[in-house]
Enquirer: 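One structure coming up, written as structure tokens, with questions to follow.
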Amino acid sequence: QVQLRESGGDSVQAGGSLELSCVVSGYTFRRLRMGWFRQVSGKEREGIASIWTGNGNYIYHDSVKGRFTISQDNAKNAMYLRMKDLKPGDTAMYYCAAEPSPVNSLPTLKSSGFSSWGQGTQVTVSA
């Protein structure tokens with residue numbers, strides 16, 4: 001079973017930067033669709049970035065394009081989300097997600113495309 005451990009959430013001022021990490025255990029890292037989601041209380045979980053670790057293909061939600069960067073480190077079994085130019089609207093609980101796949105797959109921003117979830121890490125951006 002895939003296990004995910006997120007870290008890196010913090011409180012920052014608008015314009016600041018943060019990097020979230022998600023360490024994977026329990027499955028072959030290079031055979032995972034992975035994603036970053038965020039959720040504000042009372043709203044639906046929103047997919048913001050996703051990557052297929054087999055070849056590094058990735059996609060972003062329009063709201064974070066040019067500001068957020070998703071990446072992977074195969075040696076560390078880890079996925080990252082580098083966030084810059086943070087805005088108060090980015091305030092949310094951020095979740096790492098993963099879906100194992102023995103065959104080549106594609107990234108997706110749909111939560112239904114993932115079966116394993118981390119516990120979440122809070123990002124708060126103040127004006």
Side-chain angles (χ1 to χ4, degrees):
Q1 183 177 356
V2 179
Q3 294 182 325
L4 307 172
R5 186 176 75 250
E6 304 123 327
S7 61
D10 205 344
S11 296
V12 297
Q13 291 188 331
S17 300
L18 281 175
E19 183 173 76
L20 306 183
S21 301
C22 176
V23 177
V24 179
S25 59
Y27 198 82
T28 304
F29 183 72
R30 294 294 301 275
R31 307 307 300 176
L32 291 168
R33 170 195 294 149
M34 297 195 70
W36 287 103
F37 289 74
R38 65 186 181 186
Q39 188 171 25
V40 176
S41 180
K43 295 188 177 181
E44 289 190 4
R45 192 168 294 188
E46 173 186 53
I48 56 174
S50 177
I51 191 167
W52 164 242
T53 60
N55 59 13
N57 281 353
Y58 56 83
I59 56 174
Y60 295 105
H61 190 278
D62 286 346
S63 64
V64 304
K65 283 181 181 177
R67 299 189 300 121
F68 291 10
T69 302
I70 191 170
S71 64
Q72 64 187 84
D73 185 329
N74 298 331
K76 296 182 178 180
N77 285 359
M79 175 183 67
Y80 303 96
L81 185 69
R82 180 67 179 170
M83 307 183 291
K84 66 177 183 179
D85 190 23
L86 283 162
K87 305 175 181 181
D90 295 317
T91 295
M93 184 70 78
Y94 283 70
Y95 296 90
C96 168
E99 177 65 24
S101 178
V103 298
N104 289 340
S105 186
L106 295 171
T108 182
L109 300 180
K110 297 180 179 180
S111 59
S112 59
F114 300 89
S115 57
S116 297
W117 295 83
Q119 80 285 355
T121 186
Q122 178 69 36
V123 173
T124 302
V125 185
S126 57

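By convention here, the first residue in the shown sequence is residue 1.
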Enquirer: What's the spacing between Asn74 CG and Thr28 OG1 if we round to 0.5 Å?
Expert: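 So the gap between those two atoms works out to 11.5 Å.
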
Enquirer: Heavy atoms, side chains only, cut-off 4.5 Å: are Leu81 and Val64 in contact?
Expert: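 SC-SC contact between Leu81 and Val64 ruled out.
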
Enquirer: How close do Val2 and Pro100 get, counting heavy atoms only, and between which atoms?
Expert: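 Answer, listing the atom of Val2 first, then Pro100: CG2-CG, 3.6 Å.
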
Enquirer: Under a 3.5 Å distance rule, please check whether Thr91 uses its side chain to pair with a backbone N or O of Val125 as donor and acceptor.
Expert: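 Between the backbone of Val125 and the side chain of Thr91 there is a qualifying donor-acceptor contact (under 3.5 Å).
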
Enquirer: Using modelled atom types and a 3.5 Å cut-off, is there a donor and acceptor pairing between side-chain atoms of Arg30 and backbone atoms of Gly54?
Expert: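 Yes, Arg30 side chain to Gly54 backbone: donor-acceptor pair under 3.5 Å.
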
Enquirer: Distance-only, no hydrogens or angles: does the Ser50 side chain make a donor-acceptor pair with backbone N or O of Pro107 under 3.5 Å?
Expert: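 Pair absent, no side-chain N/O of Ser50 close to backbone of Pro107.
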
Enquirer: Using 4.0 Å as the upper bound for N to carboxylate O, is an ion pair formed by Asp62 and Lys65?
Expert: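 So Lys65 pairs with Asp62 through a salt bridge.
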
Enquirer: Would you mind reporting whether Glu99 and Thr108 have side-chain heavy atoms less than 4.5 Å apart?
Expert: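 A side-chain contact is absent here, since even the closest heavy-atom pair is not under 4.5 Å.
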
Enquirer: I'd like to know whether CD of Gln122 has more than 12 heavy-atom contacts from other residues, nucleotides or ligands below 6.0 angstrom.
Expert: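 Check passes, neighbour count above 12.
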
Enquirer: Does CZ in Arg5 sit with more than 12 non-hydrogen atoms of other residues, nucleotides or ligands closer than 6.0 Å?
Expert: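 Count not over threshold, so no.
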
Enquirer: What pair of heavy atoms forms the shortest contact from Lys43 to Gln39, and how long is it?
Expert: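 Smallest heavy-atom distance, with atoms named: O-NE2, 3.0 Å.
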
Enquirer: Taking all atoms of both residues into account, what is the closest heavy-atom pair of Trp52 and Ser101, and its distance?
Expert: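 Of all heavy-atom pairs spanning Trp52 and Ser101, the closest is CH2-O, 3.7 Å.
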
Enquirer: Among Arg31, Gln72, Arg33, exactly one meets side chain to side chain contact (heavy atoms under 4.5 Å, CB included) together with Thr53. Which residue is that?
Expert: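 For Thr53, the side chain to side chain contact (heavy atoms under 4.5 Å, CB included) check succeeds only for Gln72.
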
Enquirer: Counting only heavy atoms not in Tyr58, do more than 12 sit closer than 6.0 Å to its OH atom?
Expert: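 At most 12 heavy atoms, drawn from other residues, nucleotides or ligands, come within 6.0 Å of this atom.
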
Enquirer: Might you confirm whether atom CD of Gln119 has over 12 heavy atoms from other residues, nucleotides or ligands at distances under 6.0 Å?
Expert: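 Above 12, so yes.
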
Enquirer: Kindly assign one of parallel, tilted or perpendicular to the pair Tyr95 and Trp117, based on the angle between their ring planes and the thresholds 30° and 60°.
Expert: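 Correct class here is perpendicular.
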
Enquirer: Looking at Arg38, is its backbone amide N or carbonyl O close enough to the side chain of Glu46 to form a donor-acceptor pair, meaning the two atoms are under 3.5 Å apart?
Expert: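 The answer is no, because no donor-acceptor pair under 3.5 Å joins these two groups.
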
